[in-house]
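Notes follow the structure.
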There are 2 protein chains.
Amino acid sequence: MTRADDAKAPSRELTGQAEDYLKAVYELGRAGDASADTPVGTNAIAERLGIAAASVTGMLQRLARLGLVTTERYHGTRLTASGRTMALQLIRRHRVIESYLVSRLGFAWDDVHDEAERLEHAASPELIAKMADVLGNPTVDPHGAPIPTADGKIDERELESLATLTVGANARVAGMGDRDPSLLRYLAERGIKPGARVRVESREPFDGAIVLTVGRERQTVSPGAASNVRVELATAGAAREVQSRATPRPAPSRRRRSADS
Amino acid sequence: MTRADDAKAPSRELTGQAEDYLKAVYELGRAGDASADTPVGTNAIAERLGIAAASVTGMLQRLARLGLVTTERYHGTRLTASGRTMALQLIRRHRVIESYLVSRLGFAWDDVHDEAERLEHAASPELIAKMADVLGNPTVDPHGAPIPTADGKIDERELESLATLTVGANARVAGMGDRDPSLLRYLAERGIKPGARVRVESREPFDGAIVLTVGRERQTVSPGAASNVRVELATAGAAREVQSRATPRPAPSRRRRSADS
DNA sequence: CAATAAAGTTAGCACGCACTAAATATTGTG
DNA sequence: CACAATATTTAGTGCGTGCTAACTTTATTG
């Protein structure tokens, strides 16, 4: 009856679903606020994964049994060290796959998320290694998000959101969330892609829409969309309280293997 | 570039497991015998998938409910038209992926099966189309097996097995099963790969081992291994007649480790 | 042809993972 | 502080997919 219970060391095979939870906990844990380990609420995970909150509770208990997360009843969840490692592996897989699909198979950058979402659970470490190798071990994915290294290091610098820039600020688009293709197309139509330079001209009074110059064009973006865009300040400007010690990095570098951070 | 809308004629909502059953039914249904659908036994499916026979019965009932197979109690299962279509799609995905991994990512041809086995359930039709396109729409996979076309056609010619050739026959190796890497390595060590020309010199009396000339080398292969090799006769000859004594299914065979190495 | 072997099925169970409804804990507010 | 609003968990359910054990049907064969 009582199966010899698992609850072992970190490296057990997880189901795809469990992996998704881990990834969600990681991403939500570092969303919005730079400071790392905010415990993640059940509802937030439920919303992210599109399932009922009650289901999340159960799964988290399972993950806790496996030693991948810690939960404090009614007070959220955070990853353990091994849970974090797994989450980063998964994110690496996701981003390597996205990069590969765009660069080698001609996928549109705004259409690649779902495919990667499915493949990331099936791809072996060898496959990921080979893809990364073919691409010259890129450090960012097509949406500008940093790719964790094979040994689990990731550039976790918190960047400014386009939505929080002050009027007059100049910035370079570093990346944006990859999970909504329509958002990505919306942004792309306005020239907002990784590497683009933008300048905030003004804000609309009622809805907070942001008027900016992208290249030569004048564009308006809604604050909701803008909040998904991460930017690096290009010139000193008053911008909240964020200090981005921007180690300048060339965007599409090829061949780069040293763990530089 | 149609946007991926699933749920067309045959609803595309199968789980990975169900897909595996379909594939197993297809492959077992045409193993050994060329002419179409011999009903496939529960045990054969169970053995192929590595699960208990009782579990197979249940799943087949589910698939029957979905209209993908027909079962006659105690008398085996066969695919319906839509089940067959799905199976062929899956096989196409598998073989395209194998081809891609070998040709574009440097995988060894004998090491590609498991990876493909997992990816085939996650890859979208668009991904498969793009992979096939990049490869120039190949018609056979790295093991010589024909790749079904996107619209579900496959070259189903039944080829001779190396095990059934008569002494003196000349043949060209067309392909071999992909699911056992150690078998593939065993064959490759003897020069037996798709395209190789072989001539049957003799047979060993006790174990039926086949002595043949591959290129310039003299090689011996066990009948178990040989039965997994499909060949095309190179010279007109008596070989076709052999099927009178050709054992269609030469016994499930007990676990055998390759004789050497 | 009756006895058995082999193949297949049913029954009952477990686990993963989702759901809804209801209970309970925490938090914010008048 | 009491109470409502919100967040979270528990309880009970269902489906997919596997298992073992026991039973039934079909095939073999002495």
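On a predicted model such as this, the values are computed, not experimentally measured, just so you know. Reminder, nothing fancy here: chain letters follow the sequence lines and each chain counts from 1.
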B/S/- along nucleotides 19-29 of chain D (protein heavy atoms under 4.0 Å) is BBB--BSS---

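A/T42 comes within 4.0 angstrom of the backbone, heavy atoms only, and of no base.
Taking only side-chain nitrogens and oxygens, B/Y21 comes nearer than 4.0 Å to OP1 or OP2 of D/dG18. In this model, the phosphate group of C/dG16 is not approached by any side-chain N or O of A/Q17 to a distance below 4.0 Å at OP1 or OP2. Residue B/T57 places no side-chain N or O under 4.0 Å from the OP1 or OP2 atom of C/dT10. Contact annotation: B/N43 side-chain N/O to C/dA6 OP1/OP2 distance is not under 4.0 Å.
Atom P of nucleotide C/dG16 and atom CG of A/L68 are separated by 13 Å, given to the nearest angstrom. Rounded to whole angstrom, the span from the CG atom of A/L60 across to the C1' atom of C/dA18 amounts to 14 Å. Across the protein-nucleic acid pair, B/E13 atom CD and D/dC15 atom C1' stand 14 Å apart, rounded to whole Å. As rounded to whole Å, 16 Å separates atom C1' of C/dG8 from atom CG of B/L28. Nucleotide D/dT9 holds its P atom 17 Å from the CZ atom of A/R62, rounded to whole Å. Atom-to-atom, CG of B/D20 to P of D/dG16 comes out at 17 Å; the value is rounded to the nearest Å. One interatomic measurement links the two molecules: CG of B/L66 to P of D/dG16, which rounds to 8 Å at whole-angstrom precision. Computed from coordinates, the A/I45 CD1 to D/dT9 C1' distance equals 14 Å when rounded to whole Å.
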Pair assignment for DNA chain D - dot-bracket with | for other-strand partners, Watson-Crick or G-U under 3.5 Å: ||||||||||||||||||||||||||||||

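Candidate nucleotides C/dC17, D/dT10, C/dG8 were compared by shortest atom distance to the side chain of A/Q61, and D/dT10 ranks first.
For the side-chain contact (heavy atoms from CB on, under 4.5 Å) with B/R92, the qualifying choice from B/I154, B/I97, B/I147 is B/I147, the only one to do so.
Side-chain contact between A/L119 and A/R93: absent, with no pair of heavy atoms (C-beta onward) separated by less than 4.5 Å.
Of the charged side-chain nitrogens involved, at least one lies within less than 4.0 Å of a carboxylate oxygen, so that A/E115 and A/R118 count as a salt-bridged pair.
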Can you list the steps and then say if B/L63 with B/M86 is a side chain to side chain contact (heavy atoms under 4.5 Å, CB included)? CA-CA 12 Å; B/L63 292 177; B/M86 279 188 155; over 6 Å; no

Run the numbers on A/T38 and A/L28 for side chain to side chain contact (heavy atoms under 4.5 Å, CB included), then give the verdict. CA-CA 9 Å; A/T38 319; A/L28 292 169; over 6 Å; no

Between B/R62 and B/L66, does a side chain to side chain contact (heavy atoms under 4.5 Å, CB included) hold up when you go through it step by step? CA-CA 6 Å; B/R62 200 169 90 77; B/L66 296 174; 4.0 Å; yes

Could you check A/K23 against A/E117 for side chain to side chain contact (heavy atoms under 4.5 Å, CB included), going step by step and ending with a plain yes or no? CA-CA 11 Å; A/K23 203 170 63 158; A/E117 194 74 20; 3.3 Å; yes

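Residues meeting the side chain to side chain contact (heavy atoms under 4.5 Å, CB included) test with A/T85, sequence neighbours left out: none.
Between A/M59 and B/V40, the residue anchored nearer the 5' end of DNA chain C, judged by the nucleotide with its closest heavy atom, is B/V40.
Looking only at distances, no side-chain donor or acceptor of A/H113 sits under 3.5 Å from a matching main-chain atom of A/P181.
Side chains of A/H94 and A/D141: a donor-acceptor N/O pair is absent below 3.5 angstrom, by distance only.
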